[in-house]
2 protein chains.
Amino acid sequence: MEKDLKNIFEYAKNTRYSFCPVRDVITRISDKWSMLTIYALGAYGTLRFNELKVKIGDVSQRMLTVTLRNLEEDGMIKRKVYPEIPPRVEYALTPLGEGLLKQVSLLGDWAQEHGASIIKNRTKFAKKRKC
Amino acid sequence: MEKDLKNIFEYAKNTRYSFCPVRDVITRISDKWSMLTIYALGAYGTLRFNELKVKIGDVSQRMLTVTLRNLEEDGMIKRKVYPEIPPRVEYALTPLGEGLLKQVSLLGDWAQEHGASIIKNRTKFAKKRKC
DNA sequence: CGGGATCCCAGATGATACTG
DNA sequence: CAGTATCATCTGGGATCCCG
């Protein structure tokens, strides 16, 4: 196991400037709105741009656009434009996006379980430093 | 399942400004050096400050210090100072940190499996936009 | 309705010099 | 050796205005 980790770690080191899947995925999901967008589409299925905006709540128009473009670029969501006036655009998860949602949900389960310990540690540490 | 997701999503929405474990953990692991640090400690066990710096490779002294403080604050690593001259400080994962490493490794496995598709999508998308 | 284009700021990161 | 302090830089994200 430790040997495996060394290999993985060295691999990650060597490929950091080309493509490391782990870091790549983490980087993509770690911006402010990607996961919320994926969660919203996972929860409600297909949504139009403004529906999505309302569901998420406090995202700016610009950032929702940027986020959707990035997710589409990675194949996590698909974008369907209806040639109507006024325009209608629908977004939904792809199978790949659903897979990512599932993985992150698992990470979320762990976080739920251990979140309390993290908070406790953080509080304790704050006391140690500030007093 | 879809009902569950809606609940989780609404929960995440409502608690975004207090504490949402998922976002909290993602935020913490998503800075530039945290995961690399955790991987290094997972792979090599206990390491001194400069050993860690060499293993990671291109992290600045300042950012390694900041990263280690954050991880310590969350209880992911423990820091042991030996009162010697010259000073010696050793870092190692806590059980909590090992748990996080395991979870992220699982996400990493998924990323390894599907990384190729992501790259393919991204390339295809780039062609569509730039030509 | 669903964006695109521009400007701007706060916070994350880096480079360098110094120290117990 | 293991940091701290300071200054410079780079980037994500928000505000605002405009458009087909």
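Order of the sequence lines sets the chain letters (A, B, ...), proteins ahead of strands, with each chain counted from 1. Scope of the values below: all heavy atoms of this structure, side chains included, with no hydrogens, waters or symmetry mates.
Applying the 4.0 Å criterion to OP1 and OP2 of C/dC1, one finds that A/Lys53 has every side-chain N and O outside that range. Side-chain nitrogen and oxygen atoms of B/Arg79 include at least one within less than 4.0 Å of the OP1 or OP2 phosphate oxygen of D/dG3. Note on B/Arg48: every side-chain N or O is 4.0 Å or more away from OP1 and OP2 of D/dC1. For the pair A/Arg62 and C/dG2, the criterion of a side-chain N or O lying under 4.0 Å from OP1 or OP2 is not met. Between A/Tyr91 and the phosphate of C/dG3, there is a side-chain N or O to OP1/OP2 separation shorter than 4.0 Å.
Checking D/dG3, D/dG13, D/dC1 against every side-chain atom of B/Val89, the shortest atom distance belongs to D/dG3.
In this structure, A/Glu90 places its CD atom 12 Å from P of C/dG3, rounding to the nearest Å. Distance, B/Glu51 CD to D/dG3 P: 13 Å, rounded to whole Å. Between the NZ atom of A/Lys32 and the P atom of C/dA10 there is a distance of 14 Å, rounded to whole Å.
Comparing B/Thr65 and A/Ser60 by the nucleotide of DNA chain D that holds the closest heavy atom to each, the one mapping nearer the 5' end is B/Thr65.
The main-chain N or O of B/Gly75 is found under 3.5 Å from a side-chain atom of B/Thr94 such that the two form a donor-acceptor pair. Judged by distance alone, the side chain of A/Arg28 and the main-chain N or O of A/Asn70 form a donor-acceptor pair under 3.5 Å.
Among the atoms of the strands shown, base atoms are found under 4.0 Å from some heavy atom of A/Gln61.
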